[in-house]
Amino acid sequence: MSVDVAIVGIGMHEFGRTEGVSGMDQGVIAVRRALADAGASWDDMQFAFGGSMAAGAADTMVSLLGLTGLQFINVMNGCATGGSALFSAYNTIRSGVFDLGIAIGFDKHERGAFRVNTKGAGLGDWYGSSGLALTTQFFGMKINRYMHEYGISHSTLAKVASKAFRNGSENPMAWRRKPLSEQEIADSPMLSYPLTQYMFCNPGEGGVALILCRADKAHLYSDRPIYLRAAAVRSRRFGSFEVLAPSIALEHNAGPTVDASKAAFEMAGIGPEDVDLAQLQDTEAGAEVMHMAENGFCEHGEQEMMIQAGETEIGGRFPVNTDGGCLANGEPIGASGLRQVYENVLQLRGDAGSRQVPNDPKVAYTHVYGAPGISGVTILSR
Amino acid sequence: MAQVPVAEGVFTWPSDAPALIGSRCVACGNHMFPVQSGCPKCSGDSTETVTLGRRGTLWTWTIQGFPPKAPPYAGDADPKTFRAFGVGYVELPGEVKVEARLTESDPEKLKIGMEMELVIVPLSTDENGDEVVTFAFAPVA
Ligand SMILES: [Zn+2]
């Protein structure tokens with residue numbers, strides 16, 4: 001019999017650019033805010049999983065938070081770093097090893113598109129020297145093919161980005177808080193056809209911490225615990241089309257998002273029709289469109305009608321990326337997946353303020369995707 | 001001025017009919033690019049080096065509209081003189097889809113499914129004054 005798991009505390013350091021505050025310090029601030037939210041002390045934490053891509057080894061933050069001797073495990077798993085920390089914390093409690101612990105993600109990246117370490121990715125230097133090792137190219141090529149196959153329009157891409165900045169403008173933790181019109185987005189410089197500058201998220205900074213507890217003890221820390229019903233991480237299979245691939249197989253596989261989503265729904269014992277809102281990886285506007293179908297929320301191609309009709313807006317039938325997503329928050333890799341869970345906890349508590357999804361949402365979904373072809377999904381409920 | 005490939009073992013050069021160098025799994029026949037020792041399809045540990053087909057069809061494409069960071073990029077990354085270039089996956093029949101630069105960078109002239117052929121193109125000039133070349137696909141006229 002596995003133990004049920006609740007999230008009893010959430011903390012976040014503002015996303016964006018914070019001069020003079022290291023990525024690690026942003027993580028520490030997120031931890032202190034999560035502890036305050038749970039009414040717990042650092043000394044209560046029996047274990048921690050934490051990670052960053054570019055801002056140092058998470059376990060060194062104990063020298064700022066307190067040397068309590070807790071089990072602290074560093075997680076480094078590409079774009080699923082935060083998701084993997086949460087997955088590990090979830091299963092640590094589920095298995096009964098510990099009762100109370102914390103998942104932490106933070107980061108601070110240099111400006112501009114991610115500089116890919118081809119050696120670290122197991123690729124030859126020629127790949128980057130030839131002008132190929134850009135994640136932005138993959139995103140442009142994946143959505144270009146998808147538009148060709150399923151009839152998604154350029155206007156739909158611009159609508160997705162416009163919604164992100166509108167939602168971001170209602171989110172005090174977001175980086176980009178200025179609404180942009182569909183026209184401004186479509187007219188911004190074309191970075192990687194068919195994607196323009198404002199259709200892409202930027203590498204950024206920020207930190208998030210989540211305190212997890214066995215469900216039967218959650219009342220000790222929160223009068224509104226949110227239950228983690230599933231957490232799944234999957235890597236790519238043969239034939240899937242992924243970022244940083246000098247070649248891909250002729251045969252087609254749907255990719256890690258489909259696998260992670262199916263596993264999570266199975267774990268939670270519910271289906272996509274039971275989900276009230278979702279945070280879906282939107283590295284760029286096209287990703288949100290494709291991930292709606294890959295996660296099972298619609299058929300391929302159906303997004304065109306859904307987005308044109310406003311169904312993914314906060315007041316729509318199926319709100320997506322209510323906090324502005326990666327587009328408005330930027331992508332500090334280690335923290336990004338945990339940001340999505342933070343937003344869902346706010347929404348399920350009813351604490352999302354002016355961007356609150358109406359009608360008391362009960363089930364919320366997160367999905368993170370990234371290099372080198374990895375996806376993480378969580379399902380939360382009240 | 002001599003021409004040198006961006007790396008050895010990626011494509012045959014010099015050659016009148018240059019081809020990419022890949023691997024074929026001895027156990028299941030799966031093709032890979034570039035050369036690698038293990039097979040992601042069947043987990044086999046034995047591959048042989050093969051030259052891949054020179055022609056295929058465009059599976060998808062984009063246009064690199066801003067200068068890539070240099071390093072790693074060896075081409076012209078100066079925002080004042082940078083010229084956008086196409087990037088795509090070309091499906092080589094019966095083998096694999098390979099990612100490559102495209103000689104065409106006009107979205108109006110690129111169509112999924114069009115015939116493409118491998119060519120070798122200049123990339124940069126190295127410290128010896130030699131021209132560094134890499135591979136690309138060009139539309140078949
Ligand atoms: Zn094989």
Side-chain angles (χ1 to χ4, degrees), chain A residues 110-119 121-149 154 188-197 200 236-241 243-253 286 373, chain B residues 5-11 20 22 30-36 39-43 52 59-75 77 84-89 91-101 105 107 110-113 121 123-124 132 134-136:
Chain A
E110 65 175 339
R111 284 165 204 277
F114 285 111
R115 192 191 301 264
V116 170
N117 172 357
T118 44
K119 278 244 163 38
L123 299 161
D125 284 340
W126 64 267
Y127 188 58
S129 338
S130 297
L132 295 178
L134 283 91
T135 56
T136 42
Q137 295 169 346
F138 163 76
F139 293 115
M141 288 191 282
K142 189 177 175 195
I143 188 62
N144 200 18
R145 172 89 196 170
Y146 196 86
M147 290 164 85
H148 173 80
E149 280 189 89
H154 291 266
S188 64
M190 188 67 81
L191 296 190
S192 195
Y193 184 95
L195 300 168
T196 66
Q197 181 177 347
F200 272 106
R236 64 202 186 279
R237 288 186 202 245
F238 183 68
S240 69
F241 178 26
V243 65
L244 301 179
S247 69
I248 47 180
L250 294 185
E251 64 192 78
H252 177 73
N253 177 278
Chain B
V6 66
E8 292 297 334
V10 177
F11 49 87
L20 296 176
N30 179 46
H31 286 74
M32 295 149 266
F33 172 77
V35 169
Q36 64 177 65
C39 174
K41 183 175 185 182
C42 73
S43 304
L52 300 174
W59 188 72
T60 188
W61 56 272
T62 186
I63 308 293
Q64 177 61 35
F66 62 94
K69 280 183 179 170
Y73 187 47
F85 58 89
V87 173
Y89 279 92
E91 181 165 348
L92 305 177
E95 295 178 344
V96 66
K97 300 180 206 107
V98 294
E99 187 183 14
R101 292 172 72 109
S105 61
L110 289 167
K111 295 277 175 281
I112 288 174
V121 294
L123 177 65
S124 64
V132 179
T134 191
F135 64 97

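Every chain is numbered from 1, with letters handed out A, B, ... down the list of sequences.
Proximity to chain A (any heavy atom under 4.5 Å) is shown, for B/I63, by both the backbone and the side chain. Residue contact with chain A, scored on non-hydrogen atoms closer than 4.5 Å, involves the side chain of B/V10 exclusively. Neither the backbone nor the side chain of A/F139 comes within contact range of chain B, judged by heavy atoms closer than 4.5 Å. For chain A, the nearby part of B/E95 is the backbone; its heavy atoms alone come within less than 4.5 Å.
Side-chain contact between B/E91 and A/L250 is present, with at least one heavy-atom pair separated by less than 4.5 Å. Residues B/E99 and A/F138 are not in side-chain contact: their nearest non-hydrogen atoms beyond the backbone lie 4.5 Å or more apart. No side-chain heavy atom of A/W126 sits less than 4.5 Å from a side-chain heavy atom of B/F11.
Without hydrogens or angle criteria, B/T60 side chain to A/N144 main chain gives no donor-acceptor distance under 3.5 Å. Proximity of a side-chain donor or acceptor of B/K97 to a complementary backbone N or O of A/S247 within less than 3.5 Å is not detected.
Scanning both residues, B/W59 and A/I248, for their nearest heavy atoms gives CZ3-CD1, 3.7 Å. Taking each heavy atom of A/L132 and B/A100 in turn, the nearest pair found is CD2-C, 3.9 Å. Nearest heavy-atom pair, B/V6 versus A/S129, reported as atom, atom and distance to 0.1 Å: CG2-CB, 3.9 Å. Between A/T136 and B/Q64, the closest heavy-atom pair is OG1-OE1, 4.5 Å.
Atom-to-atom distance recorded for B/W61:CH2 and A/H148:NE2 is 11.0 Å, nearest 0.5 angstrom. Taken to the nearest 0.5 Å, the CD atom of A/Q137 stands 9.0 Å off from the OH atom of B/Y89. For the atom pair CE of A/M190 and OG1 of B/T62, the computed distance is 8.5 Å after rounding to the nearest 0.5 Å. The distance from atom OG of B/S43 to atom CZ of A/F238, rounded to the nearest 0.5 Å, is 10.5 Å.
Around CD of A/E149, the count of heavy atoms belonging to other residues, nucleotides or ligands within 6.0 Å exceeds 12.
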